[in-house]
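Some notes on the structure that comes next.
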Amino acid sequence: MKFKISFFILIGFGVLSCQQGGKPSFSSSEIFELSPPQLTIDSLLFTTSAKLEANFEVKNAKIHYTRDGSSVNESSAVYKNPITIQKSGTYSFKNFHPDFKSSDEISIDLIKITNDISKAKITISPNPHSNYGGIGVRGLVDLKKGSTQFRNGNEWLGFQSPVITINLDFEEQLEISKIILSTLKDHNSWIFFPESIAVSNQTRRIGSLNLAPPKAPQETKLSFIEIPIKKDSYSNLEIQIHLLDKIPNWHQGKGTLPFFFIDEIIVE
């Protein structure tokens, strides 16, 4: 499956600013901002390697990038060919041109799967919302990512319950130091990150994460939420996801329970 990520629209280079004497007048090119590159990845989740391509077809423009999530500048590496990725990381890209403002930065997270949990026994309480049941619990361990167009496909499980409990029983003990939840944030569709996540083993708390509620609308985004846990070998885990009590007051759905969307669970 390919994911084409393009969050911004290219701003035209010849923008009509006003009319003078019946003739169009154009502003200096320096006020125009480039759009970010278009990114194409064969898989956001991979077991061996993935191929990442960046594209921006404007003469004299250069794409610069970083591999560690750090900010991109004109001293960063220049993108020339598709990148073969063999380990997890955050890749950031930005367009530069001598005659225009540089683009906004665009980043993408890629995860290398180190533990195969595709055969784990999974139970979830409560069940997903009737409109967003995907293919059921097996969809959380099939390495298939959903897109921001969550109404298309069957990858996402959507919930609208105060607490969601997921139990994982593995075929054998696995050494684990963190849990990663692949999620969606889409405030326009009332989909929010949770308030907190707790991970337990045999009723013993081994990890947790608190997330600050948003104070204003944020961009729609696919995200990986990492929960560090006490490094050890485990044969079963319980993940408790606590949603926000209510949608914040700045939102049109204020006071109601938000949705939470998840399409994959990863253990590392």
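Numbers here simply count residues along the sequence, with the first being 1. Worth saying up front: this structure is predicted, and the values here are computed from it rather than measured.
- Figure legend: Lys145 and Phe224 shown as a cation-pi pair, the cationic atom lying under 6.0 angstrom from the six-membered ring centre and within 45 degrees of its axis.
- No side-chain heavy atom of Ser107 sits less than 4.5 Å from a side-chain heavy atom of Tyr91.
- Between Ser35 and Asn95, the shortest heavy-atom contact is O-ND2, 2.7 Å.
- Between Ile117 and Phe170, some side-chain heavy-atom pair lies under the 4.5 Å cut-off.
- Residue Leu143 is not grouped with residue Val141 when hydrophobic side chains (ILVMFWY) are merged at heavy-atom distances under 4.5 angstrom, including chains of intermediate members.
- Atoms CG and CG, on Leu237 and Asp169 in that order, are 9.0 Å from each other to the nearest 0.5 Å.
- Checked options Asp109, Leu222, Asp263; the residue passing with Ser182 is Asp263 (criterion: side chain to side chain contact (heavy atoms under 4.5 Å, CB included)).
- Summarising the geometry of Val267 relative to Asn115, their closest heavy-atom pair is O-ND2, 3.4 Å, with the distance given to 0.1 Å.
- With values rounded to the nearest 0.5 angstrom, Ile111 atom CD1 is found 11.0 Å from Ile85 atom CD1.
- Residues Lys144 and Glu155 are not paired through a salt bridge, judged by the lack of any N-O separation under 4.0 Å between the basic side chain and the carboxylate.
- Side-chain N or O atoms of Trp156 include one that pairs as donor or acceptor with a backbone N or O of Ser147 at under 3.5 Å.
- Between Thr48 and Phe46, the closest side-chain pair of non-hydrogen atoms is not below 4.5 Å.
- Taking CD from Glu53 and CD from Gln38, the interatomic distance works out to 11.5 Å, rounded to the nearest 0.5 Å.
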Criterion side chain to side chain contact (heavy atoms under 4.5 Å, CB included) on Lys185 and Gln218, from CA distance to verdict: CA-CA 8 Å; Lys185 175 177 61 179; Gln218 298 173 353; 2.8 Å; yes
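- Note on Val72: it does not cluster hydrophobically with Phe100, by side-chain heavy-atom contacts below 4.5 Å among ILVMFWY residues.
- Ile266 and Leu209 end up in different hydrophobic clusters when Ile, Leu, Val, Met, Phe, Trp and Tyr side chains are linked at under 4.5 Å.
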Side-chain donor-acceptor distances from residues 59-69 under 3.5 Å, at least two apart:
residue : atom : partner : partner atom : Å
His64   : ND1  : Ser76   : O            : 2.8
Thr66   : OG1  : Ser70   : O            : 2.7
Asp68   : OD1  : Ser70   : N            : 3.1
Asp68   : OD1  : Ser70   : OG           : 2.5

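- If you take CD1 on Ile180 and CG on Leu45, they are separated by 9.0 Å, rounding to the nearest 0.5 Å.
- Separation of atoms CD1 (Ile124) and CD1 (Ile262) is listed at 7.0 Å; rounding is to 0.5 Å.
- Take Ser102 and apply the side-chain contact (heavy atoms from CB on, under 4.5 Å) test, not counting sequence neighbours, and it matches Lys94, Phe96.
- Checking side-chain atoms of Thr256 against main-chain N and O of Gly253 turns up a donor-acceptor pair under 3.5 Å.
- Leu52 and Ile106 fall within the same hydrophobic cluster, where Ile, Leu, Val, Met, Phe, Trp and Tyr residues are linked whenever their side-chain heavy atoms come under 4.5 Å apart, directly or through other members.
- Between Lys178 and Glu268 a salt bridge is recorded (basic side-chain N to carboxylate O distance below 4.0 Å).
- Nearest heavy atoms, Ser189 versus Phe150: OG-CE2, 3.5 Å.
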Audit row: Leu168, Thr123, side chain to side chain contact (heavy atoms under 4.5 Å, CB included) steps and yes/no: CA-CA 7 Å; Leu168 300 170; Thr123 58; over 6 Å; no
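- Between Phe192 and His187, the ring planes are parallel. Angles under 30° get that label, and only those over 60° would be called perpendicular.
- Considering only heavy atoms from C-beta on, Tyr234 stays 4.5 Å or farther from Leu174 through its side chain.
- Side chains of Pro126 and Ser161 form a contact here, defined as non-hydrogen atoms less than 4.5 Å apart.
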What pairs of donor and acceptor atoms, side-chain ones from residues 129-140 against any protein atom, are under 3.5 angstrom apart with sequence neighbours left out?
residue : atom : partner : partner atom : Å
His129  : ND1  : Asn131  : N            : 3.0
Arg138  : NH1  : Ala120  : O            : 2.7
Arg138  : NH2  : Ser118  : O            : 2.3
Arg138  : NH2  : Ala120  : O            : 3.3

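- Here the closest non-hydrogen pair linking Ile247 and Pro258 is CG1-CB, 3.7 Å.
- Here the closest heavy-atom approach between residue Pro194 and residue Ile225 is recorded as CD-CD1, 4.2 Å.
- Between the side chain of Asn201 and the main chain of Asn236, a donor-acceptor pair closer than 3.5 Å is present.
- Taking 4.5 Å as the limit, every side-chain heavy atom of Ile206 sits out of range of all side-chain heavy atoms of Asp232.
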Verdict with supporting geometry, Tyr79 and Phe93, side chain to side chain contact (heavy atoms under 4.5 Å, CB included): CA-CA 9 Å; Tyr79 174 86; Phe93 296 80; 4.2 Å; yes
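- Applying the side-chain contact (heavy atoms from CB on, under 4.5 Å) criterion to Ser235, with sequence neighbours excluded, gives Gln173.
- Lys231 meets the side-chain contact (heavy atoms from CB on, under 4.5 Å) test with Glu175, Ser177; sequence neighbours excluded.
- When side chains are defined from C-beta on, Glu238 counts as touching Gln240, because their heavy atoms get closer than 4.5 Å.
- Distance alone, capped at 3.5 Å, is enough to place a donor-acceptor pair between the Asp42 side chain and the Lys51 backbone.
- In this structure a side-chain-to-backbone donor-acceptor pair under 3.5 Å is present from Glu264 to Asp142.
- Between atom CZ of residue Phe193 and atom OG1 of residue Thr183 there is a gap of 4.5 Å, rounded to the nearest 0.5 Å.
- If you chain together hydrophobic residues whose side chains sit under 4.5 Å apart, Leu184 and Ile166 never meet in one group.
- Taking the side chain as every heavy atom from C-beta outward, His251 and Trp190 approach each other to under 4.5 Å.
- With sequence neighbours excluded, no residue forms a side-chain hydrogen bond (donor to acceptor under 3.5 Å, both in side chains) with Lys112.
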Verdict with supporting geometry, Ile83 and Asn81, side chain to side chain contact (heavy atoms under 4.5 Å, CB included): CA-CA 6 Å; Ile83 304 169; Asn81 298 300; over 6 Å; no
